[in-house]
Amino acid sequence: MCGRYVLKAGIEELKENYQATPRGTFEWRPNYNAAPSVDMPVVLQHEKEGRVIDKYRWGLVPFWAKEVNTGYSMFNARAESIASKRTYQKPFKKQRCIVPASGFYEWVKTPDGKIPHYITLKDQGLMSFAGLYEHWQGDGGQVVNSFTIITTESNDKLAPIHDRMPAILLDQEIDHWLDPANQDTEGLRDLVRPYPSDDISFYKVSTAVNNARNQGPSLIEPDEDLFSL
DNA sequence: CCAGACGTTGTT
DNA sequence: GTCTGG
DNA sequence: CCAGACGTTGTT
DNA sequence: GTCTGG
């Protein structure tokens with residue numbers, strides 16, 4: 001699954017990598033410990049404005065929700081469910097986005113506690129998580145734009161640490177995924193699948209990651225781990 | 001028909 | 001145990 | 001996802 | 001808004 005991730009790229013790198021324009025002026029500082037409920041950059045394609053980068057809240061709020069805090073865990077959407085679940089039907093058809101990431105964390109439970117692992121692409125490039133977004137407006141006029149990250153089965157390499165992983169798109173699939181005119185839901189469903197094992201690597205990191213208040217590049221340094229295992 | 005839910009993960 | 005906050 | 005709180009009154 | 005359950 002994917003309940004915590006890293007985006008260390010700056011805005012210029014995001015613009016360059018996705019050929020997208022930041023919408024408005026938003027502050028963006030790299031986040032080494034992004035948790036559900038925080039604002040993070042997403043890339044989406046508008047009929048008129050074209051491809052934009054915007055900051056949305058992690059944790060999809062359905063447009064029909066009465067309150068922002070629904071109490072549900074919409075920070076992940078199962079790939080197996082996006083076409084059928086009420087909450088994701090419309091987003092899957094017309095509100096797909098890319099969630100840029102440098103890597104993500106998964107925890108392994110051991111007698112010594114929950115040990116975080118940091119997973120990246122071998123080439124250290126940006127990961128393009130497949131995401132869905134939603135636009136919510138409250139009675140008082142408050143507006144919340146939010147997103148969820150699609151998860152799928154783990155590939156063979158990650159299976160030992162976790163049975164789910166985020167759906168990561170190949171570069172050549174991004175255009176298809178973002179195109180709002182693309183209604184080929186069967187073809188789109190085929191894009192959200194386990195990423196090739198050979199292009200993934202991971203290592204243990206400090207349990208400092210566990211507390212979402214902790215931040216900084218030191219979180220993704222390999223943990224020497226002299227005492228466990 | 002109306003009422004009520006609408007979600008995922010991990011753990012048992 | 002379960003919810004909230006980050 | 002994990003960590004940390006989980007409550008009220010009255011007073012400053 | 002839209003689906004499921006009764």
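Lettering of chains follows the sequences in order, A, B, ..., and the numbering in each one begins at 1. This structure is a prediction, so every number in the text was calculated from the model and none was measured.
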Q: For A/N214, answer base if it contacts any base atom (sugar-phosphate contacts may also be present), sugar-phosphate if it contacts only those atoms, and nothing otherwise; contact means non-hydrogen atoms under 4.0 Å.
A: nothing
Q: Could you label the plane-to-plane angle of the A/Y118 and A/Y203 rings as parallel, tilted or perpendicular, counting under 30° as parallel and over 60° as perpendicular?
A: perpendicular
Q. How long is the span from the OG atom in A/S102 to the CD atom in A/Q124, to the nearest 0.5 Å?
A. 9.0 Å
Q) Under 5.5 Å between ring centres and under 30° between planes: does that hold for A/W64 against the base of B/dC6? A) yes
Q: Give A/Y5 one of three labels, base, sugar-phosphate or nothing, depending on what nucleic acid heavy atoms sit under 4.0 Å from its own.
A: nothing
Q | Nearest listed nucleotide, side chain of A/K114, among D/dC2, B/dT8, D/dC1 | A | D/dC2
Q) Can we say A/E80 and A/R164 salt-bridge, meaning some charged N sits less than 4.0 Å from an Asp/Glu carboxylate O? A) yes
Q) At under 4.0 Å between heavy atoms, what does A/S73 touch on the DNA or RNA strands: base, sugar-phosphate, or nothing? A) base
Q | B/dC6 versus C/dG6 - spacing of their P atoms, nearest Å | A | 27 Å
Q. How far does the P atom of B/dT9 sit from the matching atom of E/dG1, given to the nearest Å?
A. 29 Å
Q.
Without decimals, in angstroms, what is the distance between A/R213 CZ and C/dT4 P?
A. 16 Å
Q. So what does A/P36 touch, heavy atoms closer than 4.0 Å: a base, only the sugar-phosphate, or nothing?
A. base
Q) Any side-chain N or O of A/Q89 under 4.0 Å from OP1/OP2 of E/dC3? A) yes
Q) Contact class for A/K85 (heavy atom, under 4.0 Å): base, sugar-phosphate, or nothing? A) sugar-phosphate
Q. If you measure from the P atom in B/dA5 to the same atom in D/dA5, how many Å do you get, rounded?
A. 32 Å
Q | Full working for salt bridge (charged side-chain N to carboxylate O under 4.0 Å, His left out) between A/K157 and A/D199 | A | CA-CA 10 Å; A/K157 180 167 287 184; A/D199 300 332; over 6 Å; no
Q: Respond yes when some side-chain nitrogen or oxygen of A/N211 is under 4.0 Å from OP1 or OP2 of D/dC2, and no when none is.
A: no
Q. Can you give the dot-bracket line for DNA chain D, where a pair is Watson-Crick or G-U wobble with both atom distances under 3.5 Å, crossing pairs use [ ], and | marks a partner on another strand?
A. ||||||......
**Q.** Any A/T148 side-chain N or O less than 4.0 Å from OP1/OP2 of B/dG7
**A.** no
Q: Using a strict 4.0 Å threshold on nitrogen-to-oxygen distance, state whether A/R23 and A/E49 make a salt bridge.
A: yes
Q) Closer than 4.0 Å, any side-chain N/O of A/R78 to the OP1 or OP2 of B/dT9? A) yes
Q: Report yes if at least one side-chain N or O of A/R164 is closer than 4.0 Å to OP1 or OP2 of B/dT9; otherwise report no.
A: yes
Q: Measure from NZ on A/K66 to C1' on B/dA3 and round the result to the nearest Å.
A: 11 Å
Q) On a plain distance test, is the side chain of A/S37 in donor-acceptor contact with the base of C/dG6 below 3.5 Å? A) yes
Q: Give A/S84 one of three labels, base, sugar-phosphate or nothing, depending on what nucleic acid heavy atoms sit under 4.0 Å from its own.
A: nothing
(Q) Students often get this wrong, so: under 4.0 angstrom with heavy atoms, is A/A77 touching a base, only sugar-phosphate, or nothing? (A) sugar-phosphate
